[in-house]
Amino acid sequence: MKKFIPVNQKGGVGKTTTSYNFTHHLAERGFRSVLVDGDEQGNASNAMAPYAVESFTAADLFSDEPLPMPAALGKLALIPTDKVRMREIEQCDLEDEVLVANLRDRLAELAPHFDYVTFDTPGSNSRIANAFLAVSDFVIIPCKIDPFSVSVSAEVLMRVMFIQQHFNPGLVNFGILANEFDPRQPAQVQDFKQLLASHHQYMFPKPITDRQAYREAAGAQVPVWRLKEGGTGDNRNRIKTAARDAGKEIRAVFDVLIGKMEGAEVRP
Ligand SMILES: Nc1ncnc2c1ncn2[C@@H]1O[C@H](COP(=O)(O)OP(=O)(O)OP(=O)(O)O)[C@@H](O)[C@H]1O
Ligand SMILES: [Mg+2]
């Protein structure tokens, strides 16, 4: 089971958008795919609620007890968050090493059931996010493009390097994924060019465009490429044009990532 994590300590940059759409995309490409919602806000748990396992939550992944596995698991699943217990874990007395060891053991129990797990994380430098980073195989850094993005990105890159050096030397960094990019705004185009120049080897070369369809799709609990026109008209079951364009763009990025992940050897 390969483990993928979008991470950034800044909030609202596209971690959840990336993680739940990627989870769906993997399943549509034939992989058994599960999303773990590690953020007590529960945005991913809402976006993927129809696929939630009922017998345990993301908090149970940090327990030293075996997972109460359901009789059957779908090829597409969500392990939902648990607001109260995730907060307790964040503040508990257990050493970080113990949390990470528990997480490894519980993920080993999930591994026979899924080809990929994707972790959604909170927009903060939290223990939980760092524990998920410590056990992941691949990381990507969604980032908005604004005058602060260079310094924000430098901070996240340092954090990933710290995790690589101290906890997880095998972690592959796919780099910064520019999100909510508006090519009609000259300032953004300029900032993106600057990022490419200053962080060349840590940048995913294609940005994700700003499109309203992402918000609507999360609310409708579908991946963006399945967002329908809705309403009462004859077109209500037709996929929205903006959603189709968004899907085409983000799925091309996902296919590049899958290609890299499928080609990589990871630890068992
Ligand atoms: N490319 C995009 N175009 C337009 N809207 C987007 C795009 N990506 C994300 N959004 C919207 O921006 C908001 C924040 O995105 P998202 O929830 O994915 O960020 P996040 O990093 O997970 O935030 P948090 O740190 O709060 O968990 C959401 O309403 C989402 O639908
Ligand atoms: Mg989020």
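Note that ligands are numbered from 1 as they come in the structure, with each ligand's atoms numbered from 1 the same way.
In this structure, Arg29 and Asp255 have side chains that are in contact, with non-hydrogen atoms separated by less than 4.5 Å. With contacts defined as side-chain heavy-atom distances shorter than 4.5 Å, the pair Met261/Asp137 does not qualify. Considering only heavy atoms from C-beta on, Ile140 comes within 4.5 Å of Phe4 through its side chain.
Thr16 and Asn43 are not linked by any side-chain donor-acceptor pair at a separation below 3.5 angstrom, with hydrogens and angles left out of the test.
Looking at every heavy atom in both residues, Val34 comes nearest to Leu78 through CG2-N, 4.4 Å.
Take the Mg ion (ligand 2) and draw a sphere of radius 2.8 Å; the protein N/O/S atoms inside it number 1.
Within a 6.0 Å radius of OH in Tyr202, no more than 12 heavy atoms belonging to other residues, nucleotides or ligands are found.
With respect to Phe132, the ring-ring contact (aromatic ring centres under 6.0 Å, His included) criterion is satisfied by exactly one of Phe138, Phe167, Phe119: Phe119.
Contacts of ligand 1 (protein heavy-atom distance under 4.0 Å) are Gly11, Gly12, Val13, Gly14, Lys15, Thr16, Thr17, Asp39, Gln41, Gly123, Asn179, Glu180, Ile208, Thr209, Asp210, Arg211, Tyr214, Arg215.
The pair Glu28-Arg226 counts as a salt bridge, with a side-chain nitrogen and a carboxylate oxygen less than 4.0 angstrom apart. One finds no salt bridge joining Arg85 and Glu88 here, because no Lys/Arg side-chain nitrogen approaches an Asp/Glu carboxylate oxygen to under 4.0 Å.
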